[in-house]
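These numbers come from a predicted model, not from an experiment. Throughout, a chain's letter reflects where its sequence line sits, starting with A, and its residues are numbered from 1.
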Number of protein chains: 2
Amino acid sequence: MATGRTHRLPTRSRGIPEATVARLPLYLRALTALSERSVPTVSSEELAAAAGVNSAKLRKDFSYLGSYGTRGVGYDVEYLVYQISRELGLTQDWPVVIVGIGNLGAALANYGGFASRGFRVAALIDADPAMAGKPVAGIAVQHTDELESIISDNGVSIGVIATPAGAAQQVCERLVAAGVTSILNFAPTVLSVPDGVDVRKVDLSIELQILAFHEQRKAGEEAAQDAAQAGATAPAPARPGRVLPDPAARPTTAGATTGPAPAAATAPVTSADVRDNQGPDGDVPAVMPA
Amino acid sequence: MATGRTHRLPTRSRGIPEATVARLPLYLRALTALSERSVPTVSSEELAAAAGVNSAKLRKDFSYLGSYGTRGVGYDVEYLVYQISRELGLTQDWPVVIVGIGNLGAALANYGGFASRGFRVAALIDADPAMAGKPVAGIAVQHTDELESIISDNGVSIGVIATPAGAAQQVCERLVAAGVTSILNFAPTVLSVPDGVDVRKVDLSIELQILAFHEQRKAGEEAAQDAAQAGATAPAPARPGRVLPDPAARPTTAGATTGPAPAAATAPVTSADVRDNQGPDGDVPAVMPA
DNA sequence: ATGCCTTTGTGAACGCGTGCACAAAGATGG
DNA sequence: CCATCTTTGTGCACGCGTTCACAAAGGCAT
Ligand SMILES: NC(=O)c1ccc[n+]([C@@H]2O[C@H](COP(=O)([O-])OP(=O)(O)OC[C@H]3O[C@@H](n4cnc5c(N)ncnc54)[C@H](O)[C@@H]3O)[C@@H](O)[C@H]2O)c1
Ligand SMILES: NC(=O)c1ccc[n+]([C@@H]2O[C@H](COP(=O)([O-])OP(=O)(O)OC[C@H]3O[C@@H](n4cnc5c(N)ncnc54)[C@H](O)[C@@H]3O)[C@@H](O)[C@H]2O)c1
């Protein structure tokens with residue numbers, strides 16, 4: 001019990017809206033670029049264009065941090081870089097562990113963008129004994145057995161999960177138990193964590209599916225628009241299309257054509273059942289233990 | 001002109017809210033897991049728990065797709081899988097190209113989650129001549145020169161960018177010019193695209209920075225809460241902390257201590273200037289061509 | 001010193017997303 | 001066939017986020 005429920009109650013940080021926090025890194029990046037070009041000041045209009053947002057939004061975002069601009073001039077680049085860095089907590093060093101050093105984990109370990117912003121890869125952890133000791137990106141991979149001590153010894157509070165989906169929840173629990181309070185999850189799974197632990201997920205499949213939705217919509221509108229009468233021959237190169245068979249027209253309760261057992265036969269799934277299940281994604285066959 | 005401006009006007013798809021679209025893949029994943037376990041039906045409460053959302057939200061989401069549930073029973077798993085798949089456009093096959101086969105690009109190419117949901121890696125493209133012909137994940141890498149023909153020949157409409165930040169905008173423009181209308185960008189850059197092209201970005205640095213913000217907030221609260229009088233010795237292991245020097249107290253216009261040139265000296269950055277600049281992230285020194 | 005011109009900071013309006021709470025629908029048992 | 005019980009579908013209210021628009025602030029030229 002008490003493990004689940006991502007009960008996001010008014011987690012009102014203090015003043016800074018979540019949406020603003022999510023944009024600060026964007027501003028910081030644009031500002032850093034300006035800083036490297038020795039640009040002394042920048043207006044909200046210019047910076048907003050660089051960050052790809054509305055200038056009023058940017059000004060309001062900055063207003064939450066205080067009044068750092070000069071009317072008639074703009075914002076001092078260096079000063080703003082510092083203020084945002086401080087607000088985001090980047091003025092200190094954050095040791096990070098990556099768990100699951102496979103294709104993705106190794107790529108992450110090799111990623112230079114970590115160190116450039118105050119994040120330091122403190123350890124690489126994998127369950128495969130064959131991986132132990134092998135250097136990846138100049139760091140020796142350590143075995144999962146040492147997870148707890150690594151986290152404790154290095155004061156790690158941020159963990160990255162890049163294991164298969166089936167292992168993610170378990171790894172997550174170990175991380176949290178060891179003291180990690182922020183997790184970046186790459187596995188296609190919904191993680192259950194106690195209150196006070198932040199989880200952010202990066203999910204390639206979801207992003208692609210969202211794109212596919214809009215892509216289909218565009219194609220549909222286009223087709224519906226200029227050819228409600230023409231055949232299915234679209235002007236654009238025809239997309240190779242496998243089409244799923246309709247599994248059955250609206251299942252009308254009492255088993256019609258398709259015959260899903262009379263309801264009670266095939267385990268009517270309990271709440272606990274579902275809660276535990278961390279849906280796989282084609283990654284692993286994943287028959288979760290009850 | 002007309003290249004920039006991510007002018008997201010009321011892009012009202014038709015009826016389905018964007019927030020709902022973003023959750024559909026989540027539901028689909030949970031439903032697929034249930035389907036594999038041969039669970040015939042599921043209630044909104046159960047499915048919501050599995051997907052980590054509020055049950056009312058889930059029901060409202062489904063209501064946009066139509067009335068697919070049965071009161072007193074729940075939703076037919078197979079039927080719902082089909083309906084959501086159809087809505088997301090996953091009943092057809094989407095050929096995808098990955099541009100930039102480095103650490104990340106190779107990991108993506110090896111990712112099994114692609115094929116499992118109707119996405120097919122049609123080609124891997126890299127600018128490095130040494131990469132050409134080399135097989136990655138069973139597919140021969142092709143040179144950037146062939147980008148246009150590959151996209152055209154395969155009817156590719158979705159492109160994944162995994163190049164360094166400095167090359168992303170250029171690659172993006174070539175993809176769009178060749179017919180790609182959806183882009184998933186892994187490079188830490190704001191991409192400018194014409195109207196009608198969707199861009200989604202996955203940015204590791206941003207995610208980590210957001211986590212760091214909350215992490216800092218937690219640490220701050222904790223410290224302020226139980227030890228406004230006690231020393232800085234927190235119960236948790238002390239975090240190693242490098243602290244950035246304050247670059248200068250509030251720059252009071254007329255150069256105070258720090259001496260940023262008198263404003264006009266170091267190129268007061270024009271709008272066009274900023275718009276073109278695609279801020280680097282520590283990936284590449286990135287001196288963008290003016 | 002004074003007025004002009006640029007740009008910030010923010011009040012206010014609006015729209016979207018979320019979650020509560022409940023009436024209606026339909027299955028199920030007698 | 002009717003009563004009961006479960007669960008959907010949604011009306012409604014609320015809060016967050018976005019955007020407009022403008023007064024105030026401050027630099028700069030004269
Ligand atoms: N490769 C990608 O581009 C990509 C993209 C999106 C999501 N993902 C997700 O990221 C995860 C990793 O993907 P991958 O391609 O690197 O897979 P992979 O199989 O190459 O690597 C997984 C690694 O995790 C290790 N591992 C397994 N169980 C573990 C445990 N309990 N503790 C510690 N380590 C454990 C394995 O030994 C292996 O080294 C998967 O969940 C995948 O769905 C990958
Ligand atoms: N590695 C990660 O975990 C990670 C994480 C987040 C973001 N990113 C971003 O993803 C991108 C790629 O990262 P990486 O670690 O794979 O880098 P990498 O240097 O290993 O790979 C980049 C690849 O892109 C190719 N390339 C360069 N210019 C090109 C062009 N114009 N057209 C086609 N291909 C081109 C290079 O030949 C190289 O193979 C970077 O922008 C990086 O910031 C990487």
Suppose we screen for ring pair (Phe, Tyr, Trp, His ring centres under 6.0 Å). Which residues come up paired with B:Phe62, at least two apart in sequence or across chains? B:Tyr27, B:Tyr75

Does [N] have its OP1 or OP2 closer than 4.0 Å to a side-chain nitrogen or oxygen of [X]?
X	N	answer
A:Tyr68	C:dT7	no
B:Ser44	D:dT8	yes
B:Asn54	C:dC20	yes
A:Tyr64	D:dC16	no

According to the salt bridge (Lys or Arg N to Asp or Glu O under 4.0 Å) rule, which pairs have a member within residues 204-213 of chain B, sequence neighbours left out? A:Arg200-B:Glu207

In sequence, state the C-alpha distance, the side-chain angles, and the governing distance for B:Glu173 and B:Gln169, and then conclude on side-chain hydrogen bond (donor to acceptor under 3.5 Å, both in side chains). CA-CA 6 Å; B:Glu173 284 163 14; B:Gln169 179 63 43; 2.8 Å; yes

Give every pair of a protein N or O atom and an N or O atom of nucleotides 10-14 of chain D that lie under 3.5 Å apart, one pair per line with the distance.
from, atom 1, to, atom 2, distance (Å)
D:dG11, O6, B:Lys60, NZ, 3.1
D:dC12, N4, B:Lys60, NZ, 3.2

Ion pair B:Asp198/A:Arg217, N-O distance below 4.0 Å: no

Could you state the [atom1]-[atom2] distance from [X] to [N], rounded to the nearest angstrom?
X	N	atom1	atom2	value
A:Leu58	D:dG17	CG	C1'	15 Å
A:Lys57	C:dG11	NZ	P	19 Å
A:Leu80	C:dT7	CG	P	16 Å
B:Tyr75	C:dG26	OH	C1'	14 Å
A:Leu65	C:dT10	CG	P	12 Å
B:Asp61	D:dG9	CG	P	12 Å
B:Ile16	C:dG17	CD1	C1'	15 Å
B:Asp76	C:dA27	CG	P	13 Å

Using modelled atom types only, decide if a donor and an acceptor are shared between the side chain of B:Lys201 and the backbone of B:Thr189 within a distance under 3.5 Å. no

By nearest-heavy-atom nucleotide on DNA chain C, the more 5' of B:Thr20 and A:Gly74 is A:Gly74

Name the nucleic acid region contacted by A:Phe62, choosing base, sugar-phosphate or nothing; use a 4.0 angstrom heavy-atom cut-off, strictly under. nothing

Could you walk me through whether A:Thr41 and A:Asp76 pass side-chain hydrogen bond (donor to acceptor under 3.5 Å, both in side chains), step by step? CA-CA 4 Å; A:Thr41 61; A:Asp76 181 272; over 6 Å; no

Please determine whether side chain to side chain contact (heavy atoms under 4.5 Å, CB included) holds for the pair A:Val202 and B:Leu204, giving the CA-CA distance in whole Å, both sets of side-chain angles, and the decisive distance to 0.1 Å. CA-CA 8 Å; A:Val202 172; B:Leu204 176 61; 5.7 Å; no

